[in-house]
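Working notes for the structure below.
Order of the sequence lines fixes the chain letters, A, B, ..., with proteins taken first and strands second; residue numbering starts at 1 for each chain. Remember, predicted model here, so these are calculated numbers, not experimental data.
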Amino acid sequence: MDKTFSPQNIEQQCYQNWEDSGYFQASGKGEPYCILLPPPNVTGSLHMGHAFQHTIMDALIRYHRMKGDNTLWQCGTDHAGIATQMVVERQLNAEGKTRHDLGREAFIEKVWDWKAQSGGTITSQMRRMGTSPDWQREAFTMDPELSDAVKEVFVQLYDEGLIYRGQRLVNWDPVLHTAVSDLEVLNEEEAGHMWHMRYPLADGTGELVVATTRPETMLGDTAVAVHPDDERYKHLVGKQIKLPITGRLINIIADDYVDPEFGTGCVKITPAHDFNDYEIGKRHNLEMINLFTPDAKLNGNAPEQLQGLDRFDARQKIVAQLDAEGFLVKIDDHKLKVPRGDRSGAVIEPYLTDQWYVAVESLAKPAIDAVETGEIRFIPENWNKTYYQWMYNIQDWCISRQLWWGHRIPAWYDSNDNVYVGRDEAEVRAKHQLGDDVVLRQDEDVLDTWFSSALWPFATLGWPKETPELDTFVPSSVLVTGFDIIFFWVARMIMMTKKFTGKIPFKDIYITGLIRDEHGDKMSKSKGNVLDPIDLIDGIDLDGLLAKRTAGMMQPQLAEKITKRTRKQFPEGIAAYGTDALRFTFAAMASTSRDINFDMGRVEGYRNFCNKLWNASRFVLMNTEDQDTGANGGELELSLADRWIWAQFQQTLAEFETHLSEYRFDLASHAVYEFTWNQFCDWYLELSKPVLNSDASTDAQKRGTRHTLVNVLESLLRLMHPIMPFITEEIWQRVAPLCGIHVKGSSIMIQPFPQVDATKQDSDVLKDIEWLKSFIVGIRNIRGEMDISPNKPLSVLLRNVSAEDTRRLDISAAFLSKLAKLEGVSILQPGDKGPASATALVGEMEILIPMAGLIDKDAELARIGKALEKLEKDMSRTQGKLANDNFVSKAPEAVIDKEKAKLADMQMQFSKLKEQQETISNL
RNA sequence: GCGUCUAUAGCUCAGUUGGUUAGAGCGCUACCUUGACAUGGUAGAGGUCCCCUGUUCGAGUCAGGGUAGACGCACCA
């Protein structure tokens, strides 16, 4: 084995073997355990959030697979309608073409070509992360099977009246030329203006002042509204306004919606371009004047001189004209929420179009129930509040998109625009007895990508066919995802799965935190703080990193800032930490917190941890390979340390499993880390040396220790495997044969997970080793503080030695002399104070290191003084407690006893230290 | 406006139903190239648990009120 762990030498080969061996498929035996991969965009590449969530899913999957469960990780990608179409369109644009030049069919072919070429990026990156989904079942939302499911759902919902078509105001993206759902619109506060305009009464008897943030919409005003009880305007209701610029006459109406306290108490109503106005318009039967073309330029309904102008250019002209004609009262600065498309960044326009909707109310009810009854559980639980809040206020879902890439809506129209819905044209014709003479055209629109994603839990398992997988793996065990898509995806999956299978899609929903940068900022391209998980695995030099972070930057000053920041944070680029270290980092950071600040220091720390494990294994192998490890029988005599490490391992194992069952990956990985480094490496390996290296050890003793070394390590590797698959496999291949396990053609990933073995739990041994440790640490302490070289052998005296101490001395003498570097231990007779010494306590027993020639009097006095001071402080606190009648009368007895014992112990230490202090100061 | 969350060591974070002398990793200091490992070892320093008030024998933990910050939802022209 190399002296340091080099992940890049092993990972890819290892993964290839697993995948080729078919280890990722469900076994068909045991309890079903299933995780659905939230399908990443086929356009996407792996970001830190994916890497994090995939680590967690894979840890769960590997754990359950090793536990013997029938384990399926259902994976796949989604077609990401808008995103993918944008990618391919951009390529066309670069060639000076648009999708319209190609036409729909040719364009879609192009998209498929693109997918064939580049669609595998993210799945190959997942392989680098060591994930073990069943790639043979990999699904894509545009696959024929899933498309059939989409059609089936659409038709069924339509037949039940739960899908309908209607003309309504929608969120229109004027750049992408499509409707988007509420969730795809981000409302950010931006600086704008409030324009106050004078609207004269038609009869010339006065005027009203209205205010707006969008003056250009005044062209489409069809009323001015006031509150019905507003004394100022009551008498004007029913009168008419002569609209500036157009001169159109509109009514003054009364509506409760108006807040008389706000502004002038008069509101201009533009039903075709504002969601609130739209509602008012419907109530009052107002005309709806659409002013815009699909790309938000003024259309034929605007005055001729303004037609064809972009909405923002038109705004300027209109304001200028209002001003010139004396209609503009004032312009105030105003902060307002501007709706922008989450993909395009364009200002979203409320726009009157025909769209398809899902009536969600009846679907929402069972989905709410599923969480309220506890059938589905959010972890952490609080997220159910977010879920309820949205579900109780859920709006009908606009599912049509004016795109080409996606599932085309299975609806056909005849020449009179009658609509027929069916699985295909033939079915439609048959169902409605439409002869061949009737010309039908299919709806041009496609469905929202989330519509197909909502079917993921059952469509990927074969629905609408009745498959055994549907039976076995619905509901799945846990969904691991981020809070940002609870509405987009999680809620919709629950609704759809309940509706079409009658079952819930998953039992647990584990909501992970969001990975942020080391300062808690969201990782984003524009901030230039994005990390690529693959770069953490393989490493990247500074130039490469800079190039990546500044590529495609529109603003040069931004690129400069990013360069500076990156140079500062990564002067040497990023080292290659390997997949296991990265995975361990993610696991260790997966606490209940909703934000996770990614700390490079921790990756490095866990890289070191991998190296530690590697070297510990080297040590084990050096001492066991080609030697008798008892794999083929032979008497085994286990040392105190051997029995201790087995007992410790049982505890660690139990802890690990408890934490995993509670999705506390941070605690689980901490338990493993602590055991490996602080128990196995720091103590056990050291304690094995005296046995292995001593001529006094019998064959049975050496065999016993070798057996323990190799078997504890082997068990530990299996325990760690779910989190760190590669390093554990690599080491296991060499260690397992020494345990009598045949590894040829096998893998750690299909070995059973370790089981707690009650016969190996031993609290007496644990206490014995605690005693031994405190003995050794006591001596190291004195060495450390008295500047005595760790290499210098010491002779120590023991005072106040009990029978138990004697027994322990007896069984651990060899360990003591080696680990504390002692050349002699002698026990003082009762009453014999011994020479002036530095002392350490092991329980009530005192270890004396004679000062002569070794220890400076003042230094020792200082050490004692410091210890006394600390003890005094703690003692007075405890004494205070015990002197308090309230405490003694009201606290539970166990607590009081504990305090008493604590005090007694401190008093004992105190008096011994006092004694010491006196002896030494008298020297 | 409604809702959710966060505040603990220089940094990143744990801290179970209230009962420890408040922990870990990184960083820092001193010493150590000892034979698995300097990606290491040994020892050590470092905390007003954001503030106030309460409940309690006892509060980092519970309640109320602040302060600072993050997020979600709905928003007035």
Q.
Regarding A/Thr878, tell me which of base, sugar-phosphate or nothing describes its non-hydrogen contacts under 4.0 Å with the strands shown.
A.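 The residue A/Thr878 makes no contact with any strand.
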Q. Using a cut-off of 4.0 Å on non-hydrogen atoms, how would the nucleic acid contact of A/Arg516 be classed: base, sugar-phosphate, or nothing?
A.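 Result for A/Arg516 = sugar-phosphate.
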Nearest-angstrom distance, [atom1] atom, [N] to [M]:
N     : M     : atom1 : value
B/U56 : B/C13 : C1'   : 30 Å
B/C5  : B/G19 : C1'   : 28 Å
B/G64 : B/G25 : C1'   : 36 Å
B/C31 : B/C62 : P     : 45 Å
B/U8  : B/G60 : C1'   : 7 Å
B/G47 : B/C28 : C1'   : 16 Å
B/U4  : B/A43 : P     : 47 Å
B/A9  : B/U55 : P     : 29 Å

Given atom [atom1] of [X] and atom [atom2] of [N], what is their separation to the nearest angstrom?
X        : N     : atom1 : atom2 : value
A/Leu183 : B/C73 : CG    : P     : 7 Å
A/Lys773 : B/U42 : NZ    : P     : 11 Å
A/Ile253 : B/A77 : CD1   : C1'   : 13 Å
A/Lys898 : B/U20 : NZ    : C1'   : 7 Å
A/Phe680 : B/G41 : CZ    : C1'   : 17 Å
A/Lys268 : B/A77 : NZ    : P     : 12 Å
A/Asp484 : B/C73 : CG    : C1'   : 15 Å
A/His193 : B/C76 : NE2   : P     : 19 Å

(Q) Heavy atoms from C-beta onward define the side chain here; which of B/U42, B/C75, B/A77 lies closest to that of A/Asn276? (A)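 The nucleotide sitting nearest to the side chain is B/C75.
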**Q.** A/Thr212, nearest nucleotide to its side chain (from B/C71, B/A77, B/C75)
**A.**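 In terms of side-chain proximity for A/Thr212, the closest of B/C71, B/A77, B/C75 is B/A77.
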Q) Can you tell me which stems RNA chain B forms when a stem means 3 or more consecutive Watson-Crick or G-U pairs under 3.5 Å? A)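 Stems for RNA chain B, defined as runs of 3 or more consecutive pairs: B:1-7 with B:67-73, B:10-13 with B:23-26, B:28-32 with B:40-44, B:50-54 with B:62-66.
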**Q.** A/Lys773 vs A/Trp683, side-chain contact (heavy atoms from CB on, under 4.5 Å): CA-CA, chis, key distance, verdict
**A.** CA-CA 8 Å; A/Lys773 282 183 177 180; A/Trp683 288 103; 3.5 Å; yes
Q | Partner residues of A/Lys890 under the side-chain contact (heavy atoms from CB on, under 4.5 Å) criterion, sequence neighbours left out | A |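 For A/Lys890 the side-chain contact (heavy atoms from CB on, under 4.5 Å) partners, ignoring immediate neighbours, are A/Asn886.
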Q: Could you pull out all residues at least two apart from A/His284 that satisfy side-chain contact (heavy atoms from CB on, under 4.5 Å)?
A: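 Only A/Ile253, A/Asp255, A/Ile280, A/Leu286 meet the side-chain contact (heavy atoms from CB on, under 4.5 Å) criterion with A/His284.
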(Q) Working to the nearest 0.5 angstrom, can you tell me the gap between A/Ile574 CD1 and A/Met600 CE? (A)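 A/Ile574 atom CD1 to A/Met600 atom CE measures 4.5 Å (nearest 0.5 Å).
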Q: Could you tell me which residues satisfy side chain to side chain donor-acceptor pair (under 3.5 Å) with A/Asp599, sequence neighbours excluded, listed by chain and number?
A: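 None.
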Nucleic acid footprint by protein, [range] - heavy-atom cut-off 4.0 Å, B for base, S for sugar-phosphate alone:
range                        : value
nucleotides 29-39 of chain B : -----BBBBSB
nucleotides 56-62 of chain B : -B-----
nucleotides 3-16 of chain B  : -BS------SSSS-

Can you name the residues that form a ring pair (Phe, Tyr, Trp, His ring centres under 6.0 Å) with [X], not counting sequence neighbours?
X        : result
A/Phe488 : A/Trp450
A/His193 : A/Trp195
A/Phe378 : A/Tyr387

Just by distance, with hydrogens left out, do [X] and [Y] show a side-chain donor and acceptor under 3.5 Å apart?
X        : Y        : result
A/Asp517 : A/Asn597 : no
A/Thr270 : A/Asp221 : yes
A/Gln909 : A/Asp905 : yes

Q. A/Trp383 and ring-ring contact (aromatic ring centres under 6.0 Å, His included): which partner among A/Phe483, A/Phe487, A/Tyr510, A/Tyr388?
A.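 Result for ring-ring contact (aromatic ring centres under 6.0 Å, His included) with A/Trp383: A/Phe483.
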Q) Between A/Asn678 and A/Gly263, which has a closest nucleotide on RNA chain B that is more 5'? A)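 Residue closer to the 5' terminus by nearest nucleotide: A/Asn678.
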Q) Can you list the residues that meet the salt bridge (charged side-chain N to carboxylate O under 4.0 Å, His left out) rule with A/Lys821, with sequence neighbours excluded? A)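 Salt bridge (charged side-chain N to carboxylate O under 4.0 Å, His left out) check on A/Lys821 returns nothing, list empty.
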(Q) Exactly one of A/His334, A/Arg340, A/Lys335, A/Lys337 should register a side chain to side chain donor-acceptor pair (under 3.5 Å) with A/Glu190. Which one does? (A)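 Testing A/Glu190 for a side chain to side chain donor-acceptor pair (under 3.5 Å) against A/His334, A/Arg340, A/Lys335, A/Lys337 leaves exactly one candidate, A/Arg340.
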Q: Using the ring pair (Phe, Tyr, Trp, His ring centres under 6.0 Å) rule, collect all pairs that involve residues 605-626 of chain A, keeping only residues at least two apart or in two chains.
A: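 Pairs touching residues 605-626 of chain A that pass the test: A/Phe5-A/Trp614, A/Phe584-A/Tyr606, A/Phe584-A/Phe609, A/Tyr606-A/Tyr673, A/Phe609-A/Tyr673.
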